[in-house]
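So the structure is just underneath, and the comments pick up after that.
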Amino acid sequence: MKTKLDSIRAEVEKQIAAADVPEKLNEVRVKFLGKKGELTAVLKGMKDVAPTERPKVGQLVNETREAIEAMLEETKKKMEAAVRQEKLAAEVIDVTLPSKKNQVGHRHPNTIALEEVERIFVGMGYEVVEGPEIEYDEYNFEKLNIPADHPAKDEQDTFYINKDIVLRTQTSPVQARMMESGKFPIRMLSPGRVFRSDEVDATHSPSFHQVEGLVVDKNISFADLKGTLEVFAKELFGEETKTKFRPHHFPFTEPSAEMDVSCFKCGGKGCRFCKGEGWIEILGCGMVHPHVFEMCGIDPNEYTGFAFGVGLERIALLKYEIDDMRLLYENDIRFLKQF
Ligand code: DAH
């Protein structure tokens with residue numbers, strides 16, 4: 001019996017040594033320790049052993065079984081360790097390799113220009129207010145003294161959602177909303193996207209940005225308007241910048257004006273940049289029309305105010321000397337990287 005057990009053990013050892021994967025080990029286990037396994041067969045043969053011999057033989061069988069199990073277990077652990085080692089080796093990171101260059105994002109010229117405009121006006125006590133891009137005709141036009149037969153209402157310029165709702169063509173409707181809120185004084189700046197059904201070219205886009213300004217209080221005069229916008233121009237384009245107000249017409253202001261700044265390239269002498277003019281137009285402005293006050297529920301005898309509207313793209317193009325507005329919308333990384 002002892003020799004039989006020893007030969008089983010030797011055979012197991014041989015087969016384990018030949019096993020290269022855990023599945024093979026399992027086959028060995030089944031072959032020797034399984035229900036129909038060789039060692040199990042020996043156990044089953046115990047009935048033929050003399051009763052006095054049984055405890056001794058039983059012990060031998062058990063020892064063999066334990067020895068086989070221990071061998072199987074140990075080999076299995078070794079195999080698993082080898083697999084782990086292999087995996088780790090495959091995952092090794094060479095820390096001496098040069099790193100990939102990180103692409104750092106850039107702020108869009110429009111964003112930089114807007115932050116600059118906001119910084120200037122917030123510094124003068126203005127609050128930044130947002131209005132809806134989808135707006136009632138009533139706010140976009142009617143309350144701004146733009147009656148139904150006004151050329152600006154022509155379908156050519158305005159995207160209509162239905163006869164009462166439009167994509168706002170200007171940020172001016174935020175003025176009406178602020179005035180209706182009835183909280184005074186008002187010192188607001190309202191930047192945002194506006195829409196007009198224009199063909200795309202170097203100076204036009206169906207969607208662009210404006211920044212609206214509105215001040216309403218008692219005793220606000222045209223002198224306040226001029227002083228404020230002069231400070232704005234100097235802050236934006238430099239201390240030596242001169243301003244010029246030319247009479248103009250906007251339906252919602254009276255009187256109205258356009259403000260030019262002296263060309264910051266040539267200082268006003270006239271150059272290619274200002275098309276020989278020496279001056280560059282940058283915004284529209286004026287004193288809030290009494291009729292607009294009335295439509296927004298404000299007594300024009302008690303309150304006065306001024307308003308202005310700046311094209312944000314225009315500021316960005318001027319500041320960075322970009323000559324085609326389309327560059328601002330294409331988001332070509334090679335262009336944006338410069339800012
Ligand atoms: N909303 C005008 C436009 O889109 C710009 C403008 C002009 C706004 C004069 C104003 C203003 O508030 O007073 O052309």
Side-chain angles (χ1 to χ4, degrees), residues 114 117 121 126-133 135-147 150-154 156-159 166-180 186-198 203-217 220-230 232-233 243-261 280-293 295-296 298 300 303-315 325:
L114 176 58
V117 172
F121 282 101
Y126 285 56
E127 64 170 323
V128 177
V129 177
E130 279 190 28
E133 291 176 1
E135 184 56 285
Y136 290 108
D137 177 284
E138 190 188 351
Y139 284 94
N140 196 77
F141 296 120
E142 292 290 326
K143 284 185 194 262
L144 295 174
N145 210 21
I146 305 174
H150 195 279
K153 286 198 72 172
D154 193 317
Q156 284 219 354
D157 299 324
T158 310
F159 287 116
V166 301
L167 295 186
R168 68 176 175 188
T169 59
Q170 48 187 354
T171 43
S172 305
V174 188
Q175 285 187 34
R177 289 176 172 274
M178 277 303 276
M179 286 192 266
E180 276 190 352
I186 296 170
R187 259 184 246 111
M188 75 132 210
L189 195 68
S190 188
R193 193 186 281 271
V194 300
F195 306 85
R196 291 185 196 177
S197 71
D198 282 329
T203 53
H204 292 88
S205 162
S207 161
F208 56 102
H209 299 79
Q210 289 186 335
V211 184
E212 195 75 16
L214 175 69
V215 171
V216 177
D217 202 353
I220 297 290
S221 69
F222 201 88
D224 296 311
L225 177 158
K226 283 186 78 174
T228 303
L229 294 179
E230 225 174 272
F232 170 57
T243 53
K244 177 168 86 176
F245 291 81
R246 279 178 294 101
H248 200 77
H249 172 263
F250 296 105
F252 36 88
T253 44
E254 181 56 39
S256 304
E258 276 186 336
M259 183 177 87
D260 295 349
V261 291
I280 299 170
E281 178 227 315
I282 65 160
L283 56 80
C285 57
M287 301 304 291
V288 179
H289 199 295
H291 198 195
V292 171
F293 271 138
M295 281 187 284
C296 295
I298 296 171
Y303 284 100
T304 50
F306 67 81
F308 55 90
V310 192
L312 189 59
E313 278 79 357
R314 186 155 174 75
I315 301 288
M325 194 167 164

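As the structure lists them, so they are numbered: ligands from 1, and atoms in each ligand from 1. Each residue takes its place number in the sequence, starting with 1. Fair warning: this is a prediction, and the values are worked out from it, not measured in the lab. Basis for what follows: all heavy atoms, side chains included, without hydrogens, waters or symmetry-related copies.
- Residue contacts with ligand 1 include R196, since one of its heavy atoms falls under 4.0 Å from the ligand.
- Using a 4.0 Å cut-off to heavy atoms of Q210, the atoms of ligand 1 that qualify are 3 (C), 4 (O).
- Using a 4.0 Å heavy-atom cutoff, F306 is absent from the residues neighbouring ligand 1.
- Under a 4.0 Å criterion applied to the non-hydrogen atoms of T253, ligand 1 contributes the atoms 13 (O).
- Within 6.0 Å of the NZ atom in K244, the count of heavy atoms belonging to other residues, nucleotides or ligands exceeds 12.
- Of all heavy-atom pairs spanning V288 and F306, the tightest one is CG2-N, 4.0 Å.
- The contact set between ligand 1 and Q175, taken as ligand atoms under 4.0 Å from a residue heavy atom, comprises 12 (O).
- Heavy-atom separations between H248 and ligand 1 are all 4.0 Å or longer.
- With 3.5 Å as the limit, one finds no donor-acceptor pair spanning the side chains of R196 and T169.
- The shortest N/O to N/O separation between A307 and ligand 1 falls below 3.5 Å.
- Within a 6.0 Å sphere centred on OH of Y136, other residues, nucleotides and ligands contribute 12 heavy atoms or fewer.
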Q.
Walk me through whether S190 and E212 qualify under side chain to side chain donor-acceptor pair (under 3.5 Å).
A. CA-CA 5 Å; S190 188; E212 195 75 16; over 6 Å; no

